[in-house]
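For reference, positions follow the sequence shown, starting with 1.
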Amino acid sequence: MPSALPDGEPVPADGALPASALAGAATRPLGFYLHVPYCATRCGYCDFNTYTATELRGTGGVLASRDNYADTLIDEIRLARKVLGDDPRQVRTVFVGGGTPTLLAAGDLVRMLGAIRDEFGLAADAEVTTEANPESVDPGYLAALRAGGFNRISFGMQSARQHVLKVLDRTHTPGRPEACVAEARAAGFEHVNLDLIYGTPGESDDDWRASLEAAIGAGPDHVSAYALIVEEGTQLARRIRRGEIPMTDDDVHADRYLIAEDVLSGAGFDWYEVSNWATAADARCLHNELYWRGADWWGAGPGAHSHVGGVRWWNVKHPGAYAAALAAGRSPGAGREVLSEEDRRVERILLELRLRDGAPLELLKPAGLTASRRALADGLLRQDPYEQGRAVLTLRGRLLADAVVRDLVD
């Protein structure tokens, strides 16, 4: 089941932000994340805030229905307009995630995007992405999305091997994600991503290479590759605990990452974030770059997180509770925190160090600078950027990114 929300101070009923959050807003990019919390089935590794029809039955009534979900989410977009007041910014990126957004009718996703356009306006070069499960779209659906203003799509491929997909409880068949890329291209999508997962119990190096090669052969311009994380409370965690399948160790994850870098770079993909590769700068996911660079985004939907000007807040998790709050004219926010300058410094290091151009050394305190010199000597940071005032990870440093960050934030 979905993980728990963090603690925080109450969100005002009208969702109002402190004046400090809006100061200087015009100088920062603004994005929207739209969360669709529905899935046909629950994958064994997933602890995202998603719900199947069975999980929702009797827990929210009509308010939790996906049939009227677009209207509910549009209510939050309108709330965002009220909260942000006369903020002049047009929206630079929109990302519809889940769950499985494409369980909604294509017209619903287009209407949600239309509400953002009506309330805020979209930048002329706005990036508009939706996630999609391969089995939930067809050429007509993709054409409707493209005609409605979507220009980027991300398909969950995970693996090209049936036995790996089975362990992950994925329902699509091998080959279907690759076919989706072709269908998306035919529909006019400029940018297409495939998501892969490595380190699944029972996956071999050859399985992983085959998945990478199948993904590349499909012709996307972006590939995301994530190490499998076994989250407590998931079906996968229970199966591992019962000894039904083995746990994958960190050394295997490291080996798979090196294979990914070798295969993807050999095919013309360059890394720009630890888990993300693109064929060109304009193929990068601009929405995720907003997160990594600490820009502003409004997360609409159950359990969605937002950040504006150093204030972070998160919505109630259950679709029924979310819809009930908006129907009553209240913010669906469950809690928030106002980040201190120290919080923001630490977050910048945590996030920017994962990027290709790294983090400025001026963010580091004396202990962090000392640690950075050790990391440089150990081959975890690159020499040339360091001499120019930036901490940039080497390939070995990317393998140990979490440990490097822990040292540098001191």
Undergrad: Looking at E273 and S275, would you say the former's side chain and the latter's main chain have a donor-acceptor pair under 3.5 Å?
TA: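 Yes: the side chain of E273 pairs with the backbone of S275.
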
Undergrad: As a quick check of understanding, evaluate side chain to side chain donor-acceptor pair (under 3.5 Å) for E289 and Y272, giving each step before the final call.
TA: CA-CA 10 Å; E289 287 191 314; Y272 69 99; 6.0 Å; no

Undergrad: My understanding is that only residues two or more places apart in sequence, or in another chain, count here; which of them pass salt bridge (charged side-chain N to carboxylate O under 4.0 Å, His left out) with E135?
TA: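 By the salt bridge (charged side-chain N to carboxylate O under 4.0 Å, His left out) rule, E135 matches no residue at all.
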
Undergrad: Report yes or no: do D207 and H163 form a side-chain donor-acceptor pair below 3.5 Å?
TA: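 There is such a pair between these side chains.
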
Undergrad: Walk me through it: do Y291 and N288 pass the test side-chain contact (heavy atoms from CB on, under 4.5 Å)?
TA: CA-CA 5 Å; Y291 297 156; N288 283 342; 3.7 Å; yes

Undergrad: On a heavy-atom basis, which atom in P360 and which in E352 lie closest, and how many Å separate them?
TA: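 Minimum heavy-atom separation between P360 and E352: CD-OE1, 3.5 Å.
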
Undergrad: With heavy-atom distances below 4.5 Å as the criterion, would you say the side chains of T129 and H287 are in contact?
TA: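 They are not in side-chain contact.
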
Undergrad: Run T279 and D221 through side chain to side chain donor-acceptor pair (under 3.5 Å) and show every step you take.
TA: CA-CA 5 Å; T279 56; D221 59 356; 4.8 Å; no

Undergrad: Has R354 got its NZ or CZ under 6.0 Å from the middle of the six-membered ring of W292, at an angle within 45 degrees of the ring axis?
TA: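 R354 over W292 ring: no.
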
Undergrad: Would you check, one step at a time, whether the test side chain to side chain donor-acceptor pair (under 3.5 Å) holds for T72 with D75?
TA: CA-CA 5 Å; T72 302; D75 285 341; 5.3 Å; no

Undergrad: Is the backbone of V96 close enough, under 3.5 Å, to the side chain of H35 for a donor and an acceptor to pair up by distance?
TA: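 Not confirmed, H35 side chain does not pair with V96 backbone.
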
Undergrad: Compare all side-chain heavy atoms of V392 with those of R356 and state whether any distance is below 4.5 angstrom.
TA: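 Heavy-atom side-chain distance check fails, nothing below 4.5 Å.
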
Undergrad: What do the steps show when you test N315 against E76 for side chain to side chain donor-acceptor pair (under 3.5 Å), and what is the final call?
TA: CA-CA 11 Å; N315 287 344; E76 188 178 0; 3.1 Å; yes

Undergrad: Any side chain to side chain donor-acceptor pair (under 3.5 Å) involving residues 178-189? Give me the pairs, sequence neighbours left out, ordered by first then second residue.
TA: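 Residue pairs passing side chain to side chain donor-acceptor pair (under 3.5 Å), neighbours aside: R176-E183.
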
